Amino acid sequence: MKRIGILTSGGDAPAMNAAIRAVARKAISAGLEAYGINYGFAGLVAGDIHKFAAADLDDSIDEGGTLLYSARYPEFAQVEGQLKGIEQLKKFGIDALVVIGGDGSYHGALRLTEHGYNTIGLPGTIDNDIPYTDFTIGFDTALNTAVEAIDKIRDTAKSHQRVFAVQVMGRKAADIALWAGVATGADAIVAPGHDYDIKEIAEKLKRNRVDGKDYGIIVIAEGDANSDAAPEFLEKLKEYGDFDARAVVLGHVQRGGRPTARDRVLASKMGAYAVDLLLQGKGGLAVGILDNKVQAHDITDLFNAKHQPDSSLYELNQDLSFK
Ligand code: ATP
C-alpha cells in the first residue's frame, strides 16, 4: 500500500478537518502518500483528487466545516457509479481509503472494500447516531453550540418572563436534545423515544410561576430534519395555559464553528487509528470509541445495530427539573 485517499461525505460536522489532518499526517509519517478527494463520492467519480503535502494541513485542526467539501451523490449506490470511482482510484494509484461521514457514507465505504479497495469509515456527524461508538466526530461541538445558544435564550426568557421551546438538531437521534437539556437545566426535554405529557409540562410551568420562576426552557429534538417540532409543541402547550411562548429553531448554526478540544482529540485519535488499520491490511471497518477506547467493528455489524442514546439523561433531567 502506497497511497491513501480521504473523503468526507454526507452532512458536514465540526472536526472533520482534524480527522482529515490526522489521516493525512499519519499516512505521510508512515511513508505513504495521502490524497484528498473533494466532494465525497461525487468528487471520487469526477476525479477531483489532489495529493496532500504535510503543510497543506497546517491551520486546519481548529477549522469548522470540511476542507474537502461534502456532497450527497446517490448514484454511488449503483454499481455503475462505483466502477467509475474505481477507475479514478486506478488512475491516481490510490490503494485504500478513509471515508468520514454517516451511515450512508459507510455503505459507500463497504462497496469500495468489496471492490478490493480497503476502506475504513470514521463517524463524522453531529447527530451522534452511529452504533458502536459512544461519540461521533462533531457531536461535542454541536452540543456546546446548542448549550451556548440556550444559555443566551435563557437571558431573554428571564427578562420577559417567557417560555422558549428550543429545537435542536440530531434528527431521529435524541442525543443533542438529551445532553443539552441536562446541561442547561431545561424544564423539560421532548425527544423521540420518550413519551411526554404536555398537560404535565404545562402544569409544571404554571407551578414554577407560583414558586417565583416565571420563565421556562423546553428543549425539543427535531425528530426529522426540517421539522417544525418546536412550533408544533407550542401550539399544543397553549391549549393548556396562557403562556407567552416563543419557538426557536437553532438550525444549521449547530453544524458550524471551531471544534471543541474534545472533538479535535477524538478526530485525531480516530484518524490515526484508521491508518493503522489500513497498514494492517484491514478494510470494511468502522472506527468508534467505546469506554474511552478507540476500536473498530465490521461495517456490516453497524447496519444490523441501532444507536442507543443515553436515555438515563432523560430521567436525570426529570429528577433534577421537575419539582
Ligand atoms: P449524514 O448522517 O450526515 O446524513 P450520511 O453519510 O448518512 O451522513 P447520506 O446522504 O446518507 O449521508 O450518504 C452520503 C453519501 O454516501 C451518498 O450521497 C452516497 O454518495 C453514499 N451512499 C449512500 N448510500 C449508499 C449505498 N447504499 N451504497 C453506496 N454509496 C452510498
Side-chain angles (χ1 to χ4, degrees), residues 5-17 19-20 37-49 64-66 68-89 97-117 119-133 135-143 168-176 192 221-227 251-252 254-256 259 263 267 270 274 283-288 299-300 302-307 309:
I6 311 157
L7 63 83
T8 50
S9 169
D12 62 313
M16 276 185 163
N17 284 332
I20 296 165
I37 301 167
N38 287 333
Y39 302 107
F41 294 108
L44 171 62
V45 167
D48 192 348
I49 299 172
T66 161
L68 288 176
Y69 309 98
S70 193
R72 303 209 192 253
Y73 184 66
E75 292 87 339
F76 206 72
Q78 310 303 321
V79 179
E80 205 188 341
Q82 295 155 20
L83 292 178
K84 283 186 195 160
I86 301 291
E87 260 175 51
Q88 297 295 345
L89 293 177
L97 293 102
V98 176
V99 168
I100 307 163
D103 59 342
S105 305
Y106 281 6
H107 277 98
L110 188 58
R111 295 290 95 81
L112 288 171
T113 305
E114 289 163 355
H115 285 292
Y117 289 82
T119 302
I120 304 293
L122 297 189
T125 167
I126 65 164
D127 301 336
N128 212 39
D129 59 351
I130 308 273
Y132 288 106
T133 190
F135 298 108
T136 57
I137 295 166
F139 168 68
D140 187 64
T141 306
L143 168 64
V168 297
M169 276 185 163
R171 289 190 285 190
K172 292 214 160 30
D175 297 58
I176 296 181
E222 63 180 0
D224 283 304
N226 308 318
S227 81
H252 283 74
Q254 294 157 98
R255 291 257 284 262
D263 264 338
M270 288 183 165
L285 297 174
V287 174
I299 289 178
T300 45
L302 267 71
F303 295 151
N304 297 321
K306 198 173 174 317
H307 163 69

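Residue indices begin at 1 and follow the sequence shown. Keep in mind that this is a model prediction, so the values were computed, not measured. First listed ligand is number 1; within each ligand, the first listed atom is number 1.
Ranking the protein heavy atoms by distance from atom 3 (O) of ligand 1 puts Gly11 N, 2.9 Å first. Ranking protein heavy atoms by distance to atom 28 (N) of ligand 1, first place goes to Ala77 CA, 3.4 Å. Atom 9 (P) of ligand 1 has its closest protein heavy atom at Arg72 NH1, 3.5 Å. For atom 6 (O) of ligand 1, the closest non-hydrogen atom of the protein is Ser105 OG, 2.5 Å. In this structure, the protein non-hydrogen atom closest to atom 11 (O) of ligand 1 is Gly104 CA, 3.4 Å. Among all protein heavy atoms, the one lying closest to atom 29 (C) of ligand 1 is Phe76 O, 3.3 Å. Protein heavy atom nearest atom 15 (C) of ligand 1, with residue, atom name and distance: Ser9 OG, 3.2 Å. Remark: minimum distance from atom 27 (N) of ligand 1 to any protein heavy atom is reached at His107 CB, 3.5 Å.
To the nearest 0.5 Å, the span separating NZ on Lys306 from CG on Asp129 amounts to 9.5 Å. Atoms CD1 and OG1, on Ile37 and Thr8 in that order, are 10.0 Å from each other to the nearest 0.5 Å. One finds the NE2 atom of His252 at 4.0 Å from the CE atom of Met169 (value rounded to the nearest 0.5 Å). With rounding to the nearest 0.5 Å, the separation of CG in Leu285 from CG in Leu110 is 10.0 Å.
Without hydrogens or angle criteria, Thr119 side chain to Tyr117 main chain gives a donor-acceptor distance under 3.5 Å. Between the side chain of Glu222 and the backbone N or O of Gly170, at least one donor-acceptor pair lies under 3.5 Å.
The atoms of ligand 1 that sit less than 4.0 Å from any heavy atom of Gly102 are 2 (O), 5 (P), 6 (O), 7 (O), 8 (O). Under a 4.0 Å criterion applied to the non-hydrogen atoms of Gly108, ligand 1 contributes the atoms 29 (C), 30 (N), 31 (C).
Taking 4.0 Å as the cut-off, Gly40 does not count as a neighbour of ligand 1 on heavy-atom distance. Judged by the shortest distance from any of its heavy atoms, Arg171 lies inside the 4.0 Å radius around the atoms of ligand 1.
When only interatomic distances are considered, the shortest N/O to N/O separation between Arg111 and ligand 1 does not fall below 3.5 Å.
Checked against Asn128 for a side chain to side chain donor-acceptor pair (under 3.5 Å), the options Thr133, Asp140, Thr136 give a single hit: Thr136. The ring pair (Phe, Tyr, Trp, His ring centres under 6.0 Å) with His107 is formed by just one residue from the set Tyr73, Phe303, Phe76; it is Phe303.
With a 4.0 Å cut-off on non-hydrogen atoms, Tyr73 touches ligand 1 through its backbone as well as its side chain.
With hydrogens and angles left out, the side-chain atoms of Asp175 and His307 include a donor and acceptor closer than 3.5 Å.
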